[in-house]
Amino acid sequence: MNVELYERVWMWAASLLIAAFLGTILAMTAFHAITPPSHFETVDPSNLAANPEFGSPGVRPGPDGGVVVTVVAEMFDFSPNPIEVPAGRPVTFRLTSADVIHGFEVVGTNANAMAIPGYVSQFTVTFPNSGEYLIACNEYCGLLHHNMVAKLIVKKEAR
Amino acid sequence: MSSRNSLAAAHLGVGIAAFGLASAMGLIQALSLADIQFPQRSESLYYMSLTAHGVLMALVFTTFFIMGFGYALAQVTLGRVTGRRTAWFAFWLGLVGTALAAQTILRGQSTVLYTFYPPLMAHPLFYIGATLLVVASWIWGGVMIASYRSWRRENPAVPVPLPIHGMLATIIIWYLATTGLAAEVVGMLIPWSLKLVPTVDPLLARTYFWWFGHPLVYFWLLPAYVIWYTLLPRAAGGKLFSDPLARMVFILFVLLSTPVGFHHQFADPGISASWKLAHTVTTYAILYPSFVTAFTVIASLEVAGRLKGAKGLFNWIARLPWGDPFFAACALAMLAFTVGGFGGAINAAYAMNTMVHNTAWIQGHFHVTLGTTVTLTFMGVTYWLLPRVMGRELKFSALARLQPYLWFLGVAIFSASYHIAGLRGLPRRVYSAALSGEYGAEWHGLTRVAAVGAVVMFLSALSFLIVVIATWLAGRRTDTASFEFAVPLRPVTTLGVWDRFGVWTVVAVLLVAAAYAYPVLNLISHPRFGSKGFQPF
Ligand code: HEM
Ligand SMILES: [Cu+2]
Ligand SMILES: [Cu+2]
């Protein structure tokens with residue numbers, strides 16, 4: 001194939017740019033263990049009340065010195081609400097839905113995952129700053145989707 | 001060469017009508033989101049109209065337009081559309097399917113949005129109607145391939161004309177994509193909505209949906225690339241810089257556009273991080289053919305400017321026909337794509353994706369890409385096509401000249417606002433930016449600015465419709481507009497490696513299998529719980 005010199009230069013430059021993008025992502029994965037949520041666990045959405053964990057959502061102490069927060073999304077509420085967690089410690093969310101797909105977005109942080117009925121989404125976040133955060137459902141779930149909000153309270157620990 | 005073509009015109013007409021209707025809905029959505037009161041404003045109107053807008057824009061406008069454009073190209077470059085009656089049958093099938101689905105949406109029975117994620121359950125006719133539209137598009141693909149084969153028998157040794165090369169790539173991508181859609185809709189949702197099966201697995205359905213959803217993007221984009229490569233340089237007075245690279249680009253899209261769907265599911269459970277990473281690699285790889293396209297197309301336009309006597313480094317830009325609505329629309333569409341491509345590279349990096357996933361950033365993003373790069377190119381080529389497939393001179397050409405600039409201005413205001421609002425956390429698909437009432441101080445002002453952009457976009461859409469309708473009904477008859485394509489700087493006369501569609505299709509199928517077989521098998525071999533349907537609308 002006959003390719004002009006300038007175009008050849010451009011094609012190499014484009015390849016390098018793409019390699020740089022990918023290299024950054026791979027490096028973050030390899031050295032900082034930054035990966036998307038990928039937990040695989042199923043749960044019966046039609047009978048969450050009988051589930052020992054999701055039947056009573058709430059905040060519990062976690063194994064890593066942080067807390068585990070079990071959250072159920074259900075048209076058009078999150079429980080528990082409000083959610084209280086300590087600042088500066090790992091917070092592991094375990095999230096599912098009792099009906100349709102919902103989103104769980106803690107506005108202004110990088111906690112953002114889907115609540116899919118039948119599955120448990122699990123991800124760990126550390127909130128360095130204390131304060132009140134808005135939790136918003138960010139997947140359409142019915143006519144009152146926009147009303148589906150909750151509060152996250154991040155507390156400085158009294159030592 | 002006169003090329004009046006009622007088959008093409010009928011498809012383009014339906015597509016444009018869908019676009020017109022959906023534009024009005026877009027405007028009321030933008031107002032509602034910004035909490036600007038208007039009569040009849042309600043939650044049910046908002047989400048119903050959002051469903052209609054998404055379906056009409058993303059699925060109906062694009063599909064009909066692309067089918068019509070394909071027929072116009074086949075007629076002119078291959079000298080035939082083999083199976084005209086079958087083609088008309090497909091047209092009516094698609095129209096009936098669209099009408100069936102649309103009436104359930106307008107009645108509020110299918111307020112599930114254009115992504116229709118179960119366990120939200122629409123009316124069965126929503127799924128059945130959509131299936132008929134897809135079947136119609138499959139028949140279209142068959143007619144296009146039959147036309148190509150018939151031409152090939154008479155022309156065994158020359159490369160297929162570049163526009164058809166691009167359309168064949170589009171069609172292969174479409175078949176790969178809609179296999180996933182069929183698995184979801186025919187295999188799961190239709191029986192479920194008819195109560196033949198009690199439950200479906202929402203995650204499996206989502207996975208099939210995004211198997212379809214990303215190549216869908218290239219189904220929209222490739223016809224725009226065909227226009228930029230094969231029509232635009234000619235309209236600008238230039239030549240196609242490189243013909244074989246264009247063919248390479250189309251084949252790379254065939255290979256890479258489907259095995260990437262997990263980049264829409266970064267926030268989903270049930271799919272392992274390493275598979276998400278694998279799809280990330282292919283997602284970035286697919287930037288490559290677009291980079292090559294940028295060079296070839298811009299170089300072709302530079303040739304045009306220099307042929308017109310431009311000197312110096314940038315003077316050729318000024319020599320381009322900015323007053324020609326076809327040229328201006330395409331050039332602005334490309335400009336939008338530089339922004340859109342940048343946004344896409346951000347979305348594809350999962351760490352950054354977390355910040356923007358399902359926020360207003362996303363609607364900002366796809367109104368730049370689909371809503372401008374593709375749509376503005378289609379609007380521009382409509383001005384170019386009308387005299388050629390309808391045999392009518394453009395009416396209100398001054399309005400047509402203004403229209404692309406108006407759209408670009410509107411979208412710039414609209415999308416910039418939503419991008420920023422999304423970074424500040426505004427969720428997408430909400431009736432009101434105040435959410436349950438008291439939120440949104442950080443983004444409320446931005447949604448009002450976006451509403452201004454929406455008004456400008458709507459005025460542009462209206463201008464487009466006025467020009468099209470006036471031309472269609474009352475344009476002066478003409479037979480002089482000729483259907484000619486850009487000539488390559490160095491024409492290619494022998495078949496090359498990029499012309500071997502059979503082989504590339506096999507490779508593409510293998511890549512799709514590699515990308516999906518293991519994750520899907522892993523999912524379905526795990527004990528899972530299905531979901532019954534919900535209709536919270
Ligand atoms: C007059 C021009 C337009 C206006 C004012 C407009 C406005 C809007 C607004 C306000 C939304 C709602 C966003 C949300 O709540 O999440 C939206 C969604 C959408 N628009 Fe547009 N839009 C226009 C043109 C287009 C075009 C030309 C296309 C594509 C060809 C398009 C495709 C979409 C899609 C696919 C959605 C997503 C629907 C969903 O989230 O389910 N729009 N539009
Ligand atoms: Cu919701
Ligand atoms: Cu995608």
Side-chain angles (χ1 to χ4, degrees), chain A residues 1-4 6-7 10-11 13-15 17-18 21-22 24-26 28-29 34-46 75-76 95 99-101 103 105 107-108 110-114 116-122 134 136-149, chain B residues 43-44 47 111 113 117 119-120 201-203 206 241-242 244-245 248 266-273 276-277 280-281 284-285 287-288 291-292 295-296 299 345 349-351 353-355 357-359 425 427-432 435-436 439 490 496 526-532 534 536-537:
Chain A
M1 197 165 34
N2 195 334
V3 180
E4 292 270 336
Y6 285 130
E7 182 142 36
W10 172 267
M11 287 161 81
S15 316
L17 184 64
I18 291 169
F21 284 164
L22 270 173
T24 312
I25 293 174
L26 292 174
M28 294 309 269
T29 308
I34 293 183
T35 56
S38 55
H39 188 67
F40 194 171
E41 179 183 338
T42 57
V43 56
D44 183 358
S46 62
M75 284 175 211
F76 297 96
L95 170 70
D99 40 48
V100 301
I101 297 179
E105 172 191 342
V107 172
N110 56 5
N112 189 348
M114 308 305 294
I116 300 185
Y119 293 84
V120 179
S121 290
Q122 179 177 312
L134 166 65
C137 173
N138 66 8
E139 185 53 271
Y140 168 74
C141 53
L143 286 192
L144 294 181
H145 158 56
H146 52 283
N147 275 352
M148 188 162 164
V149 295
Chain B
E43 285 93 346
S44 47
Y47 293 113
T111 305
L113 308 193
Y117 295 137
L120 289 171
D201 175 358
L203 181 58
R206 262 169 95 76
F241 195 74
S242 173
L245 277 185
M248 174 193 83
F266 285 146
D268 285 10
I271 301 165
S272 77
K276 288 177 179 175
L277 190 61
T280 302
V281 173
Y284 279 96
L287 286 177
Y288 183 74
F291 274 121
V292 176
F295 187 96
T296 307
Y350 47 70
N353 183 281
T354 306
M355 299 305 297
H357 172 69
N358 272 359
T359 69
R428 70 183 279 210
R429 300 175 150 176
V430 289
Y431 161 71
S432 153
L435 304 182
S436 63
Y439 297 100
R490 272 185 303 274
H526 207 274
R528 294 161 302 146
F529 301 91
S531 286
K532 67 180 173 68
F534 291 86
F537 43 81

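Note that these values count all heavy atoms, side chains included, but never hydrogens, waters or copies made by symmetry. It should be emphasised that the depicted structure is a prediction, and the values quoted were computed from it without experimental measurement. The chains referred to below are lettered A, B, ... by the order of the sequence lines, with proteins before strands, and numbering in each begins at 1.
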Do the non-hydrogen side-chain atoms of B/Phe537 and A/Tyr140 ever get within less than 4.5 Å of each other? yes
Quick test of your reading of the model: are B/Arg428 and A/Glu105 salt-bridged, counting only N-O distances below 4.0 Å? no
Look at the aromatic rings of B/Tyr47 and A/His146 and report parallel, tilted or perpendicular, splitting at 30° and 60°. parallel
Please report the closest heavy-atom contact between A/Ala136 and B/Pro427, naming both atoms and the distance. CB-CG, 3.8 Å
Examine whether an atom of B/Leu287 lies under 4.5 Å from a heavy atom of chain A, and if so say whether it belongs to the side chain, the backbone or both; otherwise answer neither. both
With a 4.5 angstrom heavy-atom cut-off, which part of B/Ala345 approaches chain A: side chain, backbone, both or neither? side chain
Rounded distance [0.5 Å steps], OG in A/Ser46 versus CZ in B/Phe529: 8.0 Å
Heavy atoms only, distances under 4.5 angstrom: which of A/His145, A/His39, A/Met28 has the most pairs with chain B? Name it, please. A/His145
Rounded to the nearest 0.5 angstrom, the CZ-SG distance for B/Phe534 and A/Cys141 is 11.5 Å
List the atom of A/Asn147, the atom of B/Leu435, and the distance in Å for their closest heavy-atom pair. OD1-O, 3.7 Å
Can you tell me how far apart CG (A/Leu26) and OG1 (B/Thr280) are? Round to the nearest 0.5 Å. 8.5 Å
Residue from B/Gly270, B/Ser432, B/Gly425 scoring the most non-hydrogen pairs under 4.5 Å with chain A is B/Gly270
Where does A/Phe21 contact chain B at under 4.5 Å (heavy atoms): side chain, backbone, both or neither? side chain
Engaged part of B/Ser242 at the chain A interface, taking heavy atoms whose separation is under 4.5 Å: side chain
Just so I understand: if I count every heavy-atom pair under 4.5 Å between each of A/Gly108, A/Ser15, A/Gly103 and chain B, which residue has the most? A/Ser15
Segment of A/Phe76 engaging chain B (4.5 angstrom heavy-atom cut-off): side chain
Under a 4.5 Å cutoff for heavy-atom pairs, which residue among B/Tyr288, B/Phe266, B/Phe241 has the most contacts with chain A? B/Tyr288
With only heavy atoms counted, which part of B/Tyr117 is less than 4.5 Å from chain A, the side chain, the backbone, both or neither? side chain
Relative to each other, are the rings of B/His526 and A/Phe40 parallel, tilted or perpendicular (30° and 60° limits)? parallel
Select one option (side chain, backbone, both, neither) describing which atoms of A/Val149 are under 4.5 Å from chain B's heavy atoms. side chain
Closest non-hydrogen atom pair between B/Pro527 and A/Thr42, with its separation: O-OG1, 3.2 Å
Given 3.5 Å as the limit, does a donor-acceptor pair link the side chain of A/Asn138 with the main chain of B/Thr359, or not? no
Among B/Ala351, B/Ala267, B/Ala273, which residue has the highest count of heavy-atom pairs closer than 4.5 Å to chain A? B/Ala267
Just so I know, are the side chains of A/Met11 and B/Phe291 near enough to count as touching, which here means a heavy-atom distance under 4.5 Å? no
Among A/Asn110, A/Leu95, A/Leu144, single out the residue with the greatest number of heavy-atom pairs under 4.5 Å to chain B. A/Asn110
Which heavy atom of B/Thr296 sits nearest a heavy atom of A/Glu7, and at what distance? OG1-OE2, 2.9 Å
Please confirm whether the backbone N or O of B/His357 pairs with a side-chain atom of A/Asn112, one donor and one acceptor, at under 3.5 Å? yes
Greatest number of heavy atom pairs closer than 4.5 Å to chain B - which of A/Gly118, A/Ser121, A/Ala111: A/Ser121
Give me the atom names and distance for the closest heavy-atom approach of A/Ile116 to B/Pro269. CD1-CD, 3.8 Å
Chain A heavy atoms under 4.5 Å from B/Thr111: which part of the residue, side chain, backbone, both or neither? both
Between chain B and each of A/Val107, A/Ile25, A/Leu17, A/Thr24, count heavy-atom pairs under 4.5 Å; write down the option with the most. A/Ile25
If I measure from the heavy atoms of chain B, does A/Ala113 come under 4.5 Å with its side chain, its backbone, both, or neither? both
